[in-house]
Amino acid sequence: MKIVNAKVIVCSPGRNFVTIKIETDEGIYGLGDATLNGRELAVATYLEEYLIPCVIDRDPFDTEDIWNYLYRGVYWRRGAVNMTAIGAIDMALWDIKGKALGVPVYKLIGGKSRHKLLAYTHAQGMDIDETIEKVSETINKGFKAIRVQSGVPGIEKIYGIAKDGGAYEPAIKGNKPDEELWSTEKYLNYLPDLFKRVRKEFGEDIHLLHDAHHRLTSIETARLGKSLEPYHLFWLEDTVAAENQQNFELIRQHTTTPLAVGEIFNTIFDCQHLITRQLIDYIRMTIAHGGGLTPMLKIANLAGLYGVRTGCHGPSDLSPINLGACLHFGTAINNFGIQEYMGYVPETKEVFDFKHQFDEGHFYPSEEPGLGVDMDFDKAKKYRYERAFLPINRLEDGTLYHW
Ligand code: CS2
Ligand code: MG
């Protein structure tokens with residue numbers, strides 16, 4: 001089998017998505033998600049100009065060699081744009097392999113390690129009362145694991161909270177990023193009260209998660225982790241950005257709250273120290289941004305040796321193709337932890353046909369050959385790309401801070 005053509009589709013059904021479609025001489029095509037929120041065209045150009053020409057005429061079954069050709073063979077390594085582009089090609093090749101052999105991808109990478117996959121979604125409100133209401137609605141929808149975020153009194157605009165009560169969508173269309181505000185002091189004083197109320201209202205049976213979105217220092221994380229210990233979080237996510245992986249050594253000395261990090265990591269080298277020193281409990285890397293299934297299987301194997309489980313990033317700003325790949329990955333590996341699932345707006349569902357079933361807070365992997373996600377290319381044309389930016393974040397005195 002030979003790759004004869006590949007094209008990049010940029011569309012905006014509710015939000016911007018970049019997809020690669022790789023075609024073979026046998027008429028089978030594979031799809032890969034190449035979306036990098038707020039930087040979509042950088043990946044599209046990298047694919048079109050540099051990577052696609054290198055994979056034409058290759059055998060799509062040679063995923064290991066093609067991956068190394070695109071990663072190791074290119075002098076310039078790592079980085080979000082590069083790894084998202086490689087990840088999309090790798091995903092599409094696994095899709096082709098599954099379709100050519102007539103089997104779902106999970107059967108090619110280890111088979112079934114479980115029959116259902118625990119998923120978590122988000123519940124958020126402007127204050128504690130509204131957040132409690134949203135958590136209750138989410139439990140009523142059948143979710144067993146919920147990421148709880150809340151507005152903080154005194155901070156007008158903050159990560160994770162939609163003002164209109166709808167789903168949170170931070171990518172704003174236009175010419176410049178929007179701005180949000182942050183105060184670590186206000187946040188740290190408030191958060192334990194939120195989780196105290198949530199546990200009081202809903203008991204111990206529901207899994208609770210929380211995302212600090214890279215805004216804390218190590219010692220601030222230590223304080224937060226300690227103060228949340230009585231509420232038994234499933235995980236505390238992304239407290240520090242972990243550009244410096246040593247950060248976690250200090251955090252680990254102070255708290256038993258489980259830690260998750262890595263949705264912006266791209267390679268095994270971003271988490272090698274964190275995993276081998278057992279400084280984290282969950283690795284958040286996702287298939288698209290982690291360079292594809294080929295390297296992610298290696299990362300999962302390394303993590304498994306050290307008791308670290310997976311918790312793949314699954315926001316609505318990655319397409320259902322990435323979620324499909326995450327579900328095959330999560331089905332096949334032994335050390336699956338949980339899968340994030342924010343859901344999609346109706347326009348996204350109109351363009352992407354997602355075959356995986358979801359029920360009572362769990363995913364069931366599709367048995368369709370390949371990744372189990374298809375795309376309506378004509379409908380995609382209806383939704384044209386519009387530039388959008390993720391926000392930036394400032395402290396109350398105007399200092400530029402982590403978003
Ligand atoms: C978040 C994301 O899902 C998460 O945990 O951190 O919403 C993140 O902000 C976006 O995916 C950025 O594109
Ligand atoms: Mg996050």
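Every number for a ligand or one of its atoms is a count from 1 in the order of the listing. Values reported hereafter were calculated over all heavy atoms of this structure, with side chains retained and with hydrogens, waters and symmetry mates removed.
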Indicate whether the side chain of E185 and that of N189 have a donor and an acceptor atom separated by less than 3.5 Å.
no
Of the protein's non-hydrogen atoms, which lies at the shortest distance from atom 9 (O) of ligand 1, and what is that distance?
H213 NE2, 2.8 Å
Per-atom contacts of ligand 1 with P315, taking only distances under 4.0 Å to non-hydrogen atoms
11 (O)
For D211, the atoms of ligand 1 under 4.0 Å from one of its heavy atoms are 1 (C), 4 (C), 5 (O), 6 (O)
Would you say NZ of K173 has more than 12 non-hydrogen atoms from neighbouring residues, nucleotides or ligands within 6.0 angstrom?
yes
Side-chain H-bond candidate by donor/acceptor type, T286 with N322, under 3.5 Å:
yes
Parallel, tilted or perpendicular, judged at 30° and 60°: which one describes the rings of F358 and Y341?
tilted
Shortest non-hydrogen contact from T24 toward P60
CG2-CG, 4.1 Å
Could you find the nearest protein heavy atom to atom 11 (O) of ligand 1 and give me its residue, atom name and distance?
D317 OD2, 2.9 Å
Do any nitrogen or oxygen atoms of R284 come within less than 3.5 Å of a nitrogen or oxygen of ligand 1?
yes
List ligand 1 atoms under 4.0 Å from R147, heavy atoms only on the residue side.
1 (C), 4 (C), 5 (O)
Ligand 1 to Y159, heavy atom cutoff 4.0 Å, flagged ligand atoms 1 (C), 2 (C), 4 (C), 6 (O), 7 (O), 9 (O)
Decide, counting backbone as well as side-chain atoms, whether E237 has an N, O or S atom less than 2.8 Å from the Mg ion (ligand 2).
yes
Nearest non-hydrogen contact to atom 2 (C) of ligand 1 from the set E237, E340, M342, H313 belongs to H313
K196 atom NZ, neighbour heavy-atom count above 12 within 6.0 Å:
no
Just need the protein heavy atom nearest to atom 8 (C) of ligand 1, so name the residue and atom and give the distance.
E263 OE2, 3.5 Å
Result of checking E350, R15, E347 against Y383 for side-chain hydrogen bond (donor to acceptor under 3.5 Å, both in side chains)
E350
Where the Mg ion (ligand 2) is the centre, what is the OD2-to-OE1 angle for D211 and E263, rounded to 10°?
180°
Checking the side chain of D281 only, and the main-chain atoms of L259 only, is there a donor and an acceptor separated by less than 3.5 Å?
yes
Relative to the ring of H356, is the ring of F354 parallel (under 30°), tilted (30 to 60°) or perpendicular (over 60°)?
tilted
Can you tell me if, anywhere in D238, an N/O/S atom lies at a distance from the Mg ion (ligand 2) that is smaller than 2.8 Å?
no
What's the shortest distance from atom 13 (O) of ligand 1 to any protein heavy atom, and which residue and atom give it?
N37 ND2, 2.9 Å
Should the proximity of W403 to ligand 1, defined as any heavy atom under 4.0 Å, be assigned to the side chain, the backbone, both, or neither?
side chain
